[in-house]
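First up is the structure itself, then whatever we jot down about it.
Below, chain A is the first sequence line, B the second, and so on; all start at residue 1.
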Number of protein chains: 2
Amino acid sequence: MTVDNYLTDEDRGFLATYDPRAFPPVAVTVDLVVLTVREGELCALLIRRGEPPQRGRWALPGGFVGPGETLDEAAARELAEETGIRAGAHLEQLATFGDPGRDPRMRVVSVAYLALVPDLPTPIAGTDASEARYRPVSDLDGAVLAFDHDRILAEGVERARAKLEYTGLATTFLDEPFTVGDLRRVYETVWGVPLHPANFRRKVLSTPGFVEPTGEKLATGRGWAELYRRGTTAHLHPAIPRPPAA
Amino acid sequence: MTVDNYLTDEDRGFLATYDPRAFPPVAVTVDLVVLTVREGELCALLIRRGEPPQRGRWALPGGFVGPGETLDEAAARELAEETGIRAGAHLEQLATFGDPGRDPRMRVVSVAYLALVPDLPTPIAGTDASEARYRPVSDLDGAVLAFDHDRILAEGVERARAKLEYTGLATTFLDEPFTVGDLRRVYETVWGVPLHPANFRRKVLSTPGFVEPTGEKLATGRGWAELYRRGTTAHLHPAIPRPPAA
DNA sequence: TCAATAGTGTCTATGAGACATTATGCA
DNA sequence: TGCATAATGTCTCATAGACACTATTGA
């Protein structure tokens with residue numbers, strides 16, 4: 001999208017005398033809250049900082065927005081660089097954090113993104129990270145991350161929990177095909193509450209477009225289960241209500 | 001919030017050699033979607049640009065974020081400057097828009113905020129605006145605003161419509177005290193659909209903390225009505241569902 | 001044979017939606 | 001008196017939640 005066609009002659013004259021460097025320096029970054037479900041735990045992708053400031057501390061992956069990039073493009077690039085995922089994952093803007101002093105280098109305004117990815121894409125440590133790992137979010141209570149990343153992570157987790165209620169995004173945590181039990185365990189893990197298997201099954205299958213049956217069955221562990229693929233419905237009607245307590 | 005206590009000696013040495021101006025220049029602004037309900041219409045506060053670029057075009061109010069300001073503080077300052085409102089209105093971050101080329105002057109990343117205000121705070125034209133007015137959002141279909149402000153406004157309106165379902169924010173559109181009918185007309189105006197008065201009343205009054213009775217009655221137009229104040233509940237349980245069609 | 005999970009059926013409580021009825025005050 | 005609105009009460013239908021029961025497979 002460009003607005004060049006809207007430039008008037010007055011605009012062009014004005015721009016010729018305009019000095020962008022007259023403003024105080026600000027950097028714009030994207031930070032990623034990458035969530036996955038792994039071994040019954042909701043996990044976030046974290047990197048151990050390999051450069052100062054706060055070298056050695058765990059932080060969210062992220063980086064500067066390139067001059068020609070949109071914010072969404074910068075987030076997708078960072079996600080690909082850190083996880084190898086180029087498509088299929090869910091990626092949405094979360095919120096923007098810009099308190100003065102949140103980064104000691106300079107004024108840094110960070111646009112946070114939330115990504116939901118299936119289990120086991122092996123994370124890749126970038127150039128400024130010494131290590132990259134998925135860590136359970138339950139291990140991350142209290143101020144343990146660099147900068148204000150604890151707060152960003154908390155907002156991402158809460159957004160993800162809320163979105164499972166009224167969207168079909170829980171399926172983006174799973175590799176296809178999956179069973180209704182797999183999907184239920186995603187909900188139970190993200191929300192941290194047990195759900196009634198029978199009622200959950202009835203609600204999922206009665207929501208058109210949530211999951212699509214493959215017609216196949218899988219013998220897994222005890223018993224067997226029908227297999228499904230992701231549906232096409234983004235918005236769930238009716239929603240799957242989240243039980244009150246955790 | 002500051003992170004200075006976390007600086008290591010290594011950090012301090014690193015910062016001494018750090019040049020913030022090495023990055024391409026970016027400006028950070030806040031833009032405001034200020035919504036109110038007035039004469040049966042959902043209206044947005046717009047200013048007519050008094051300076052280039054796009055002088056004479058209608059735009060959202062907004063401005064640059066000051067060096068020592070948080071983003072929330074900058075938004076609250078702009079809201080006060082344009083409307084005179086210093087407290088009582090609802091103000092929340094909406095989303096961030098940073099496409100290259102969205103502003104012809106330079107790379108501008110704009111953090112959009114959504115404000116819901118009662119009717120009739122007379123808007124104030126700022127230094128860079130020749131005029132400020134509340135205009136019905138129904139008049140603003142199509143690309144009529146400066147920059148990408150049509151898209152920002154659309155997101156703000158949709159956020160407001162969605163939030164009425166599960167929060168008590170509709171009361172922030174009203175001066176106190178108000179009647180249940182007043183509150184219903186807010187919903188009908190924002191959503192653009194008629195609601196059943198009896199069912200609406202039952203749902204509002206059965207939701208604890210949504211509205212608080214004053215015990216007084218008001219003779220208004222035909223008949224009379226009981227008066228209420230805003231309650232304290234932010235989250236509505238159960239939600240007030242939005243009818244499907246518009 | 002037992003255990004664990006998948007899948008099916010049923011009952012109850014709750015709330016949404018629709019409608020009927022009464023009360024009130026102004027034109 | 002007529003009418004528009006507020007306020008109250010009642011009925012039906014859909015769904016959430018709880019529970020019972022059967023089927024299947026591996027230990």
Side-chain angles (χ1 to χ4, degrees), chain A residues 40 164-166 170 174 177-189 191 193-229 233 235-246, chain B residues 40 164-166 170 174 177-189 191 193-229 233 235-246:
Chain A
L164 292 206
E165 289 191 69
Y166 59 92
L174 294 170
F178 51 84
T179 70
V180 174
D182 294 333
L183 186 59
R184 176 172 49 80
R185 277 182 287 275
V186 166
Y187 275 89
E188 290 176 333
T189 301
W191 285 347
V193 294
L195 299 176
H196 291 250
N199 295 336
F200 181 84
R201 175 186 176 80
R202 178 159 40 86
K203 275 185 281 193
V204 167
L205 297 184
S206 68
T207 303
F210 191 4
V211 297
E212 304 290 342
T214 66
E216 295 178 1
K217 293 190 178 185
L218 175 73
T220 170
R222 316 271 200 282
W224 50 272
E226 294 164 4
L227 290 171
Y228 296 86
R229 268 190 285 271
T233 300
H235 228 72
L236 298 186
H237 290 294
I240 298 191
R242 170 161 42 155
Chain B
L164 291 206
E165 289 191 70
Y166 59 94
L174 293 170
F178 51 83
T179 69
V180 175
D182 293 333
L183 186 60
R184 177 171 48 81
R185 276 181 288 275
V186 166
Y187 275 88
E188 291 176 332
T189 301
W191 285 348
V193 293
L195 299 177
H196 291 249
N199 295 337
F200 181 84
R201 175 187 177 79
R202 176 160 40 87
K203 274 185 283 192
V204 167
L205 296 185
S206 68
T207 303
F210 191 5
V211 297
E212 303 291 343
T214 65
E216 297 178 2
K217 293 189 179 187
L218 175 72
T220 170
R222 315 271 200 283
W224 51 272
E226 294 164 5
L227 290 171
Y228 296 86
R229 269 191 284 272
T233 300
H235 229 73
L236 298 186
H237 290 294
I240 299 192
R242 170 161 43 156

Let me know the distance between [atom1] of [X] and [atom2] of [N], rounded to the nearest Å.
| X | N | atom1 | atom2 | answer |
| --- | --- | --- | --- | --- |
| B/His196 | D/dC11 | NE2 | C1' | 15 Å |
| A/Glu216 | C/dA6 | CD | C1' | 17 Å |
| A/Trp224 | D/dA23 | CH2 | C1' | 7 Å |
| B/Arg242 | C/dA16 | CZ | C1' | 17 Å |
| A/Glu226 | C/dG7 | CD | C1' | 7 Å |
| A/Phe200 | D/dT15 | CZ | C1' | 16 Å |
| B/His237 | C/dG15 | NE2 | P | 13 Å |
| A/Leu205 | D/dT15 | CG | C1' | 16 Å |

Problem - Residue whose closest nucleotide on DNA chain C lies nearer the 5' end, B/Ala198 versus B/Pro238 - result: B/Pro238
Practice task
Check whether any side-chain N or O of B/Lys217 sits under 4.0 Å from OP1 or OP2 of D/dA6, and answer yes or no.
Solution key: no
Practice task
Establish, with yes or no, whether the OP1 or OP2 oxygen of D/dT8 is under 4.0 angstrom from a side-chain nitrogen or oxygen of B/Arg201.
Solution key: yes
Fill in the blank from the handout: Ranking B/Asp182 and B/Asn199 by the position along DNA chain D of their nearest nucleotide, the one closer to 5' is B/Asp182
Practice task
Heavy atoms only: give me the nearest B/Trp191-B/Ile240 pair and the separation to one decimal.
Solution key: CH2-O, 3.4 Å
Just wondering, do [Y] and [X] contact through their side chains at under 4.5 Å, heavy atoms?
| X | Y | answer |
| --- | --- | --- |
| B/Thr207 | B/Thr233 | no |
| A/Glu226 | A/Pro213 | no |
| A/Arg202 | A/His196 | no |

Handout entry: C/dG17 base / B/Arg202 side chain donor-acceptor hit below 3.5 Å
Key = yes
